[in-house]
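Some notes on the structure that comes next.
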Amino acid sequence: MSKQEKKQQDPAVEKASVEETQTEAQATPEQETATDPLLEELEKLRKQVDEKEEQYLRLAAEYDNFRKRSQKEKEGLYQGAKSDAVAAFLPVYDNLERALKQETADEAYKKGVEMTMSGLREILFKLGVEEIPALGETFDPSLHNAVMHVEDENVGENTVVDVFQTGFKLGDKVIRFAMVKVAN
């Protein structure tokens with residue numbers, strides 16, 4: 001090809017390339033409208049994924065709360081059954097306590113009652129049952145049951161001066177309140 005032919009072709013090539021750019025410019029808004037449904041679909045899908053993720057997180061939190069609540073209820077049932085069983089043995093404890101206060105000439109009998117009482121106290125201790133301290137303590141209505149009041153200037157106000165029945169608690173739960181006499 002000669003230089004003249006190239007020059008004659010060049011304007012045609014230039015004209016063709018200008019036309020292509022114009023068609024590309026015109027095609028771009030059509031492509032944008034063509035991608036808009038795709039973008040809308042993408043946004044819809046993202047929203048759905050976000051909603052499903054939020055539902056999943058809520059479900060996971062609800063399950064975790066359910067698991068914790070079930071565990072707490074299970075422990076509560078165990079503690080309740082344990083305290084009920086201990087409460088059934090408290091009359092035996094009271095009878096042994098009364099037997100120890102009685103005078104007897106038979107030393108073997110006295111020693112047997114003492115051994116039985118120490119065995120029962122040891123079992124209660126192993127179960128986590130504690131005696132509620134009362135004698136000489138300040139009266140606490142959440143631990144003590146006042147059945148008598150006495151006026152005594154030698155003792156401070158609201159002080160327990162006598163214990164009629166020992167109280168017991170298992171952890172924070174009171175199994176039986178201590179029956180006491182309080183000085184006012």
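Just so you know, these numbers come straight off a predicted model, no measurement behind them.
In this structure, Asn65 CG and Glu62 CD are separated by 8.0 Å, a value rounded to the nearest 0.5 Å. Asn158 contributes atom CG, which lies 13.0 Å from atom CD of Glu137 (distance to the nearest 0.5 angstrom). Rounded to the nearest 0.5 Å, atoms OG1 (Thr116) and CZ (Arg121) are 12.0 Å apart. A distance of 12.5 Å separates CE in Met115 from CG in Leu96, rounded to the nearest 0.5 Å. For the atom pair NZ (Lys126) and CG (Leu124), the distance works out to 11.5 Å, reported to the nearest 0.5 Å.
Every ring-ring contact (aromatic ring centres under 6.0 Å, His included) that Phe168 has, sequence neighbours left out, goes to Tyr93. Scored by the side chain to side chain donor-acceptor pair (under 3.5 Å) test, Ser142 finds Asp140 as partners (sequence neighbours excluded). Residues meeting the side chain to side chain donor-acceptor pair (under 3.5 Å) test with Glu157, sequence neighbours left out: none. Contacts of Asp172 classified as side-chain contact (heavy atoms from CB on, under 4.5 Å), with partners at least two apart in sequence or in another chain: none. For Asn95, the side-chain contact (heavy atoms from CB on, under 4.5 Å) partners at least two apart in sequence or on another chain are Arg98. Applying the side chain to side chain donor-acceptor pair (under 3.5 Å) test to Thr159 and every residue at least two apart in sequence or in another chain returns nothing.
Residues Leu170 and Val86 are not in side-chain contact: their nearest non-hydrogen atoms beyond the backbone lie 4.5 Å or more apart. No side-chain heavy atom of Leu39 sits less than 4.5 Å from a side-chain heavy atom of Glu43. Two residues are said to be in side-chain contact when any heavy atoms from C-beta on lie closer than 4.5 Å; Met148 and Phe164 meet this criterion.
Using modelled atom types, no side-chain atom of His144 and backbone atom of Val160 make a donor-acceptor pair closer than 3.5 Å.
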Tabulate below the donor-acceptor pairs under 3.5 Å that side-chain atoms of residues 99-111 make, not counting sequence neighbours, or state none.
unit_1	atom_1	unit_2	atom_2	d
Thr104	OG1	Asp106	N	3.3
Asp106	OD1	Ala108	N	3.3

Sequence neighbours excluded and cut-off under 3.5 Å, please list the side-chain donor-acceptor pairs for residues 48-55, or say none.
unit_1	atom_1	unit_2	atom_2	d
Glu54	OE2	Arg58	NE	3.3
Glu54	OE2	Arg58	NH2	3.0

Which pairs of donor and acceptor atoms, one on a side chain in residues 174-182, lie under 3.5 Å apart (sequence neighbours left out)?
unit_1	atom_1	unit_2	atom_2	d
Arg176	NE	Thr166	O	3.1
Arg176	NH1	Asp94	OD2	2.7
Arg176	NH2	Asp94	OD1	2.9
Arg176	NH2	Thr166	O	2.7

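In the hydrophobic clustering (ILVMFWY side chains linked at under 4.5 Å, chained through shared members), Val150 is joined by Val155, Val161. Side-chain contacts under 4.5 Å among hydrophobic residues (ILVMFWY), followed directly or transitively, place Leu45 with no other residue at all. When hydrophobic residues (I, L, V, M, F, W, Y) are linked wherever their side-chain heavy atoms come within less than 4.5 Å, the members clustered with Tyr56 are Leu57.
Between Glu131 and Lys169 there is no salt bridge, since none of the side-chain N atoms of the basic residue sits less than 4.0 Å from a carboxylate O of the acidic one. Glu75 has no carboxylate O lying under 4.0 Å from a charged side-chain N of Lys72, or vice versa, which leaves the two without a salt bridge.
Placement of Leu127 and Leu90 within a single hydrophobic cluster is found when ILVMFWY residues are connected by side-chain heavy-atom separations under 4.5 Å, directly or transitively.
Between Ser83 and Lys173, the shortest heavy-atom distance links the atoms OG-NZ, 3.1 Å.
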